[in-house]
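Below: one structure, written as structure tokens.
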Amino acid sequence: MRFHARVGILPHERELPQPVEIDLTVWPAGRLGAGPEAIDYRALYEAAAGAIARELGYLEEVGEAIADRVLLDPRVRRARVAVRKPHVALAGPLLHAEVVVDRDRGA
């Protein structure tokens with residue numbers, strides 16, 4: 001997923017939205033099939049969009065906020081959220097900064 005969001009602790013990061021990429025992997029709580037036990041991908045996207053819509057300081061906060069929202073769905077047992085920011089102001093070459101949050105329902 002790709003969003004433009006205000007993520008960062010520097011003043012310009014708080015003012016100007018920048019690209020943020022999110023990979024979301026979920027593990028079902030039970031056996032998957034068609035019907036009410038199926039995980040709705042639209043709901044997963046909305047969970048990520050809702051979390052990223054807030055102004056957050058660190059990529060870790062983004063990952064935790066998405067995991068919190070996704071794990072509210074009783075059909076999801078585990079969530080892995082990778083959050084990438086392609087444009088990071090550092091002194092050397094860098095493809096992106098990335099943080100991974102991997103949580104089970106009980107954690």
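Quick caveat: nothing in here was measured; it's all calculated off a predicted structure. Heavy-atom basis, side chains included; hydrogens, waters and symmetry copies ignored.
- Looking at heavy atoms from C-beta onward, Ile66 lies out of side-chain contact with Val101 at the 4.5 angstrom threshold.
- Atom CG of residue Leu16 and atom NE2 of residue His4 lie 10.5 Å apart, to the nearest 0.5 angstrom.
- Remark: Arg80 pairs with Thr25, Trp27, Ala82, Val100, Asp102 by the side chain to side chain contact (heavy atoms under 4.5 Å, CB included) rule, at least two apart or across chains.
- Judged by distance alone, with hydrogens and angles left aside, the side-chain atoms of Arg2 form no donor-acceptor pair with the main-chain N or O of Pro19 at under 3.5 Å.
- For the ring pair (Phe, Tyr, Trp, His ring centres under 6.0 Å) test, no residue two or more places apart in sequence or in another chain qualifies with Tyr58.
- When all heavy atoms of Val26 and Val70 are compared, the closest pair comes out as CG1-CG1, 3.6 Å.
- Under the salt bridge (Lys or Arg N to Asp or Glu O under 4.0 Å) criterion, the residue pairs touching residues 82-93 are Glu13-Lys85, Glu21-Arg84, Asp23-Arg84, Arg84-Glu98, with sequence neighbours excluded.
- A continuous path of ILVMFWY side-chain contacts below 4.5 Å connects Val99 to Met1, so both sit in one hydrophobic cluster.
- Among residues two or more places apart in sequence or in another chain, the side chain to side chain contact (heavy atoms under 4.5 Å, CB included) test is passed with Ala97 by Leu59, Val88.
- Ala5 and Val20 get closest at one heavy-atom pair: CB-CG2, 4.3 Å.
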Side chains of residues 41-51: which donor-acceptor pairs under 3.5 Å do they make with residues two or more places apart or in other chains?
from  : atom 1 : to    : atom 2 : distance (Å)
Arg42 : NE     : Asp40 : OD1    : 3.0
Arg42 : NH2    : Asp40 : OD2    : 3.2

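- The salt bridge (Lys or Arg N to Asp or Glu O under 4.0 Å) check on Glu64 picks up Arg103, with sequence neighbours excluded.
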